Amino acid sequence: MGNPSNLDDATIGPHYKAHYQFQYLTAAFQFGLFDILEKTPGITLEELSVRVGLARRPTRILLLGCTTMGLVWKEGDGYHNAPYIQPVSVLSDQPSATYLHCLYRAAGWFCESLNEDTHAGLRRELPGTAPGLYGRLGEHPELESTFQTLMGAVSHPVPEGIAATVDLSEYKYLLDIGGGAAMNAVHLARSWPGLEITIADLPSVASRANENIAELGLADRVRAVSLDAFHDAFPIGHDSVLFTHFLEIWSADRIRELLTKASHALPSGGGVFVMTHHQDADDTGPERAACPSAYLHTVASGDGMVYTDKEYEQWFSEAGIDPVKRVMFGPDTVVICGRKR
């Protein structure tokens, strides 16, 4: 980005007002607004006031904020969800609001996290003994379930993006590291009928993934196994490995370790695919690289960030993987493709 000579209120305004926008969003979850609008589109202010359990004026304020933010739209006297809200309408419950507020409070420790070079937000806002967010969520099953549902809702374009940008037709056995509750694997299995997929994730996540797989009738080709990516060897017998928004959680040294383990688990010619947020080579953006970096450093692990494509390609080479190509998915996500030597 350039170096603007003037910074007026029109430029800085959206930044110092952002905390109000987040409060509108989490309040809409907490009071079940999106779920109500999903079930009864066109409902009026007076009807909504009764349904959400708020007085008329607070309901009006809530709707004003959500409408100006584009989360809700109004036609006549009736209110409707914006089209992109539908996938997250299922999150209108107290655990979702609790989790989102936990993230919001944790983000308030950003300066301390920078100063201490660790995830001060997580340590101060989410009780537990595990060193990172994902292990700590396992100590809070309700929040972990909410987290997995939230990730599925906000990340629903990701599986389509993988299938659209990555050609897996030459592979038969895919290892999906940190594959979560099987959203990616299920879509890939349907897109590539000859592909068998093993999801490797923490025990509680793998259990949920197997339940989802069974419900969808894909247990003959997709399964989830328990794996600690840093302490366990990657299972062998696969000809390709996928990391989807997983490597950026960690430091450069830990990414090198994970890519080396992937390389050791693959035969010569095996494929390695990393889907991650894209960052410009000169460390200037885009915005979608900056926001996750703050989250990863303050909340998730304390040692991750969004890295540049060139860094990943260098780490590929160090692990015995030849970078083959980069494929952009949208303006701020990249799939980096490689092949084991």
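We're numbering straight along the sequence, starting at 1. Computed from a predicted model, the values in this text were never measured in an experiment.
- Taking CG of L266 as the start and CD1 of I236 as the end, the distance is 11.0 Å to the nearest 0.5 Å.
- In this structure, the side chains of H80 and I43 stay at 4.5 Å or more apart for every pair of heavy atoms.
- Note on ring orientation: taking the six-membered ring where Trp is involved, the planes of W250 and F246 are perpendicular (angle over 60°, cut-offs 30° and 60°).
- For the residue pair H238 and T198, a side-chain donor N or O sits within less than 3.5 Å of a side-chain acceptor on the partner.
- Here CG of L71 is found 9.0 Å from CD of Q21. Values are rounded to the nearest 0.5 Å.
- Side-chain contact between T298 and L122: absent, with no pair of heavy atoms (C-beta onward) separated by less than 4.5 Å.
- The main-chain N or O of L37 is never found under 3.5 Å from a side-chain atom of N81 such that the two would form a donor-acceptor pair.
- You'll find the side chain of P286 stays beyond 4.5 Å of the side chain of P331, heavy atoms only.
- Under the 4.5 Å side-chain contact rule for hydrophobic residues, V72 and V50 do not share a cluster.
- From R136, atom CZ reaches atom CD of E139 across 6.5 Å, with rounding to the nearest 0.5 Å.
- Using a distance-only test at 3.5 Å, with no hydrogens or angles considered, no donor-acceptor pair links the side chain of R288 to the main chain of H278.
- You'll find the side chain of H297 reaches within 4.5 Å of the side chain of D117, heavy atoms only.
- Between E144 and R208 no salt bridge is recorded (no basic side-chain N to carboxylate O distance below 4.0 Å).
- There is a path of hydrophobic side-chain contacts, each under 4.5 Å, that joins L218 to L174.
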Starting from the C-alpha separation in whole Å, work towards a yes-or-no answer on salt bridge (charged side-chain N to carboxylate O under 4.0 Å, His left out) for E170 and R339. CA-CA 12 Å; E170 66 178 284; R339 191 178 296 274; 3.2 Å; yes
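- Atoms CG and OG, on L202 and S207 in that order, are 12.0 Å from each other to the nearest 0.5 Å.
- Clustering ILVMFWY residues whenever any of their side-chain heavy atoms sit less than 4.5 angstrom apart, transitively, puts Y79 in the very cluster that holds I61.
- Taking both residues in full, the closest heavy atoms of Y171 and G270 are given as CE2-C, 4.4 Å, listed atom of the first, atom of the second, then distance.
- Panel note: side chain K74, backbone L63; no donor-acceptor pair is recorded below 3.5 Å.
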Please walk me through it: do S240 and Y173 pass side-chain contact (heavy atoms from CB on, under 4.5 Å)? CA-CA 6 Å; S240 51; Y173 306 103; over 6 Å; no
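- Listed for the S49 side chain is no donor-acceptor partner under 3.5 Å among the backbone atoms of L45.
- Shortest non-hydrogen contact noted between A28 and L62 is N-CD1, 4.1 Å.
- A salt bridge links R124 and E116; the closest N-O separation between the charged side-chain nitrogens and carboxylate oxygens is under 4.0 Å.
- Between D303 and S301, the side chains place a donor N or O and an acceptor N or O closer than 3.5 Å (distance only, hydrogens not considered).
- Between the D232 side chain and the D228 main chain, a donor and an acceptor come within less than 3.5 Å of each other.
- Connection of W109 to L126 is not established within any shared hydrophobic cluster, with ILVMFWY side chains joined at heavy-atom distances below 4.5 Å, either directly or through further cluster members.
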Please step through side-chain contact (heavy atoms from CB on, under 4.5 Å) for the pair Y307 and M305, ending with a clear verdict. CA-CA 6 Å; Y307 301 96; M305 66 173 291; 3.5 Å; yes
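- Between D309 and R326 there is a salt bridge, since at least one side-chain N of the basic residue sits less than 4.0 Å from a carboxylate O of the acidic one.
- Here the side chains of L227 and D201 are not in contact, with every heavy-atom distance at 4.5 Å or above.
- A distance of 8.0 Å separates CZ in R51 from CG in D35, rounded to the nearest 0.5 Å.
- There is a side-chain donor-acceptor pair under 3.5 Å between T44 and E47.
- Taking the charged nitrogens against the carboxylate oxygens, R105 and E125 do have a contact shorter than 4.0 Å, which makes a salt bridge.
- Side-chain contact annotation: E311 with T308, donor-acceptor N/O pair under 3.5 Å present.
- Two residues are said to be in side-chain contact when any heavy atoms from C-beta on lie closer than 4.5 Å; R190 and V186 meet this criterion.
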Chi angles and distances behind the side-chain contact (heavy atoms from CB on, under 4.5 Å) call for I177, L242: CA-CA 6 Å; I177 299 294; L242 171 68; over 6 Å; no
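- Ion pairing of E196 with K172 is absent here, as no side-chain N (NZ or NE/NH1/NH2) approaches a carboxylate O to less than 4.0 Å.
- Across I213 and A182, no two heavy atoms sit closer than the pair CG1-CB, 3.8 Å.
- Linking Ile, Leu, Val, Met, Phe, Trp and Tyr whenever their side-chain heavy atoms come within less than 4.5 Å leaves L25 and L64 in two separate clusters.
- Using bins of under 30°, 30° to 60° and over 60° for the plane-to-plane angle, the ring pair H277/H245 lands in the tilted bin.
- Between A319 and S263, the shortest heavy-atom distance links the atoms O-OG, 2.8 Å.
- In terms of modelled atom types and a separation under 3.5 Å, the side chain of K325 and the main chain of I336 share no donor-acceptor contact.
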Might you work through the ring pair (Phe, Tyr, Trp, His ring centres under 6.0 Å) test for F243 and F273, ending with a clear yes or no? CA-CA 6 Å; F243 298 95; F273 304 95; over 10 Å; no
Step by step, work out the salt bridge (charged side-chain N to carboxylate O under 4.0 Å, His left out) result for R341 and D322. CA-CA 6 Å; R341 297 188 196 114; D322 290 325; 2.7 Å; yes
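- In this structure the side chain of T276 reaches within 4.5 angstrom of the side chain of Y312, judged on heavy atoms.
- Under a 3.5 Å cut-off, the side chain of H140 and the backbone N or O of P127 do form a donor-acceptor pair.
- The two residues C66 and Y24 come nearest to each other via the heavy atoms SG-O, 4.1 Å.
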If you apply the rule side-chain contact (heavy atoms from CB on, under 4.5 Å), what do you find for L259 with V272, and how did you get there? CA-CA 9 Å; L259 288 172; V272 178; 4.3 Å; yes
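- Counting all heavy atoms, side chain and backbone alike, G180 lies closest to I199 at O-CG2, 3.9 Å.
- Residues F230 and L258 form a side-chain contact, since some pair of their non-hydrogen atoms from C-beta on lies under 4.5 Å apart.
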